[in-house]
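Below is one structure; the comments refer to it alone.
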Amino acid sequence: MTVGHDAGAPSGAPAAIRTRGLTKVFKGGQVAVDALDLDVPRGSVFGFLGPNGSGKTTTIRMLLGLVTPTAGDHALLDRPLAEALPSVGAVVEGPAFYPYLSGEANLLRYDAANPASSARDARSRVGQALERVGLSAAAGKRYRAYSLGMRQRLAIAAALLRPRELLVLDEPTNGLDPQGTREVRALVREIARDGTTVFVSSHLLAEVEQMCTHAAVMSHGRLVAQGTISSLHGGRPALLRVETPRAAEAARILDGLGLAEVTAAGSHVTAELGGHAPEEINAALVRQGVPVRGLAVVRPSLEEVFVGLTGEGFDVDG
Amino acid sequence: MSTADISAAGTSTAGVSTPAAEASAAGASAAGTEVLGQAAASARTAGRSGGVAAFARLLGSELGLTFRRPRNLVMLALLALVPVLIGVVVRTFGSDGDAGGIVAATAGNGLMLTFVSLYVLVPLLMPVAVAVVGGDAIAGEANAGTLRYLLTAPAGRTRLLAVKYLNAVVFSLALTVTVAATALITGLALFPVGDVTLLSGTTVTMAEGLLRTLLIVGYVTAGMAALAAVAMALSTLTEIPIGAVAGTVVLIVVTQVLRAIPQLDWLAPYLLPTRWTGFDAVLRDPVATSDLGQGLLAFCAYTVLFGSLAWARFTSKDITS
Ligand SMILES: Nc1ncnc2c1ncn2[C@@H]1O[C@H](COP(=O)(O)OP(=O)(O)OP(=O)(O)O)[C@@H](O)[C@H]1O
Ligand SMILES: [Mg+2]
């Protein structure tokens with residue numbers, strides 16, 4: 001079930017998550033995850049993207065041992081699962097707690113389930129976890145009375161009960177207000193700074209773009225791309241966009257400088273930047289008397305990359 | 001670095017060739033032991049020495065949930081009320097009529113109320129309470145979604161099942177002790193205290209009577225614990241706790257009906273309810289140990305059988321709730 005350290009593999013860094021041919025076919029023939037080869041390097045903040053129903057949660061359930069794969073191998077932290085799990089914090093498919101217990105009592109309950117946690121410092125660790133997610137004031141309140149965002153925060157607090165080597169967060173900002181979302185992003189960055197690997201599933205692309213160093217994209221249970229955020233962008237060229245009342249003239253100059261795909265339209269010109277320095281292009285335009293109102297380098301957003309990979313359709317992956 | 005590469009759909013990730021993956025899969029067990037880091041190794045040693053303490057902590061947490069849950073406390077309180085009711089009724093109406101047998105015996109000695117109360121509660125009401133706790137054990141956590149967090153904590157499936165079962169056994173014991181204790185107190189308060197006349201007509205001292213009551217409490221607890229194993233097995237089959245509880249109660253009722261059918265006499269010894277009321281063996285002189293032994297054997301057999309079923313199911317189940 002587990003994959004050892006393949007000594008011959010060129011990937012130098014140890015893996016936080018590694019899967020090979022990971023597949024899940026549910027009863028009834030639904031292929032939820034199809035031959036997944038995932039490599040999450042240690043220390044990365046890894047965005048796990050994909051449309052609804054593309055198999056993200058099923059993958060996470062397999063990684064955590066909740067669901068048995070139909071085929072394939074997987075390993076967390078290069079260790080057997082039972083030994084890795086105490087060092088892994090997880091949020092899987094939203095929060096789930098005992099409604100009649102307080103937030104604090106709920107965390108103590110989950111902490112008691114971890115054989116690697118000691119009862120001695122449990123209270124202080126629970127207190128710290130609650131503080132990190134801004135729930136200290138609601139610690140004694142029954143979970144039943146928590147708002148959606150408070151519940152989500154409590155789930156994140158449960159993942160932070162101990163110092164972790166890996167955090168697996170399935171849509172952690174679901175239901176959070178803008179402040180909450182920002183706080184979670186800041187929290188993830190802070191956790192990552194301490195050396196913890198963060199594996200975060202989401203379909204909020206802007207969020208992933210802001211917070212992640214790496215990403216993978218799922219579609220219909222298959223992995224369609226994975227790599228660093230810049231390498232994902234790298235598939236598409238950056239564009240230069242110049243605003244000027246004399247667009248035709250500017251286009252001629254850009255052509256002359258050797259830029260590709262130069263198109264003039266109305267009061268602006270676009271071209272592929274290629275290896276050129278934008279400041280030199282600006283200087284050249286000004287030198288030749290073209291008034292430059294604005295000049296910008298436009299990189300394709302992750303959203304465009306994502307839509308390019310998973311298609312425009314709105315239908316869920318069935 | 002392979003992670004920096006983009007793998008397009010259908011092509012394999014550059015840098016991670018299939019043979020490498022196969023090789024690693026083939027040598028997984030060997031490599032798995034080699035790569036154990038210092039931390040993992042020390043965690044394992046700590047796990048061994050602290051394993052008992054950690055298990056006790058989880059059991060403590062489980063007992064805390066069970067015995068603080070209003071529903072369970074209400075069940076205990078209601079069942080504790082039954083001996084009081086019986087005592088008051090016998091005291092009020094039993095003495096002035098020509099009541100015979102067991103009622104007269106109850107009116108004649110404070111200790112007999114314990115026996116009578118258990119005889120009334122053991123066939124159905126106590127089992128229902130145990131079914132509620134046992135049936136809720138896994139299905140309740142699955143239904144609330146807390147099961148996935150317990151298992152990723154990681155509680156361990158076998159460990160969690162063991163804790164849940166022990167919790168149900170402790171609840172069974174608490175239930176039996178509660179009923180017996182209120183019956184004893186009520187009996188001593190309402191009826192004469194003294195030597196006890198057994199079912200076989202011989203008389204024993206009050207002290208021996210108390211000792212025999214303890215024996216009954218142990219026997220009834222074992223019977224309820226066997227039922228808890230059945231409820232737990234059903235609990236691993238569903239994500240709807242009420243389903244597991246209702247299923248267990250239906251099983252109890254059906255077996256009670258089967259017992260009552262004369263043509264099925266041969267089946268009766270193998271049914272749990274037949275054995276539950278077998279504790280009257282304690283009230284014979286000498287104690288009918290072979291009957292008690294057979295009853296305990298049946299409880300053991302049920303516990304092992306249904307415990308194994310629960311384990312087999314729970315350790316292989318996909319947790320998708
Ligand atoms: N228990 C199950 N039985 C059968 N099919 C399932 C089960 N759980 C999930 N699936 C199917 O597997 C596929 C992947 O589901 P999954 O929950 O992994 O998607 P997801 O990427 O997490 O989606 P979302 O973004 O909506 O959370 C879906 O088609 C879903 O219908
Ligand atoms: Mg999901």
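Letters A, B, ... mirror the listed sequences (proteins, then strands); counts begin at 1.
- When heavy atoms are compared at a cutoff of 4.5 Å, A:L161 does not approach chain B at all.
- For the residue pair A:L108 and B:R57, the shortest heavy atom distance occurs at O-NH2, 4.0 Å.
- Residue contact with chain B, scored on non-hydrogen atoms closer than 4.5 Å, is absent for A:N106.
- In this structure, A:V67 and B:T320 have side chains that are in contact, with non-hydrogen atoms separated by less than 4.5 Å.
- In this structure, the separation between OG1 on B:T152 and OH on A:Y110 is 8.0 Å, given to the nearest 0.5 Å.
- Counting only residues at least two apart or in different chains, side-chain hydrogen bond (donor to acceptor under 3.5 Å, both in side chains) contacts with residues 161-170 of chain B comprise B:E62-B:K164, B:T66-B:N167, B:E141-B:K164.
- Of the listed residues (A:L38, A:V168, A:V91), the one with the most heavy-atom contacts under 4.5 Å to chain B is A:V91.
- Results of the side chain to side chain contact (heavy atoms under 4.5 Å, CB included) test with B:P154 over A:L64, A:L85, A:V88 single out A:L85 as the only residue that passes.
- Heavy-atom distances place both the backbone and the side chain of A:S117 under 4.5 Å from chain B.
- Residue contact with chain A, scored on non-hydrogen atoms closer than 4.5 Å, is absent for B:R68.
- No more than 12 heavy atoms of other residues, nucleotides or ligands shown are found within 6.0 angstrom of CZ on A:R123.
- A:R109 touches chain B through backbone and side chain together, each having a heavy atom under 4.5 Å away.
- Other residues, nucleotides and ligands place no more than 12 heavy atoms under 6.0 Å from the CD1 atom of B:I240.
- Between A:A113 and B:L150 the shortest heavy-atom distance is CB-CD2, 3.8 Å.
- Atoms OG and CD, from B:S321 and A:E93 in turn, are 9.5 Å apart once rounded to the nearest 0.5 Å.
- For the set A:R162, A:M62, A:R61, the count of heavy-atom pairs under 4.5 angstrom toward chain B peaks at A:R61.
- For A:R142, the CZ atom sits in a loose shell: 12 or fewer heavy atoms of surrounding residues, nucleotides or ligands are nearer than 6.0 Å.
- Of the residues considered (B:L160, B:L151, B:T146), B:T146 shows the highest number of contacts with chain A, using heavy-atom pairs under 4.5 Å.
- In plain terms, the two heavy atoms of A:Y98 and B:L65 that are nearest each other are CE2-CD1, 3.9 Å.
- B:R148 and A:P95 make their closest contact through NH2-O, 3.9 Å (heavy atoms, listed as atom of the first residue, atom of the second, distance).
- Between chain B and the options A:S44, A:P99, A:A216, A:G94, heavy-atom pairs under 4.5 Å are most frequent for A:G94.
- For chain A, the option among B:G156, B:A153, B:S316 with the highest count of heavy-atom pairs below 4.5 Å is B:A153.
- Heavy-atom contacts from other residues, nucleotides or ligands closer than 6.0 Å to CG of B:L78 number more than 12.
- Looking only at heavy-atom pairs under 4.5 Å with chain B, the residue among A:D111, A:V217, A:T57, A:L77 that has the most is A:D111.
- Ion pair B:D318/A:K27 not flagged as a salt bridge, since none of the NZ, NE, NH1 or NH2 atoms sits closer than 4.0 Å to an Asp/Glu carboxylate oxygen.
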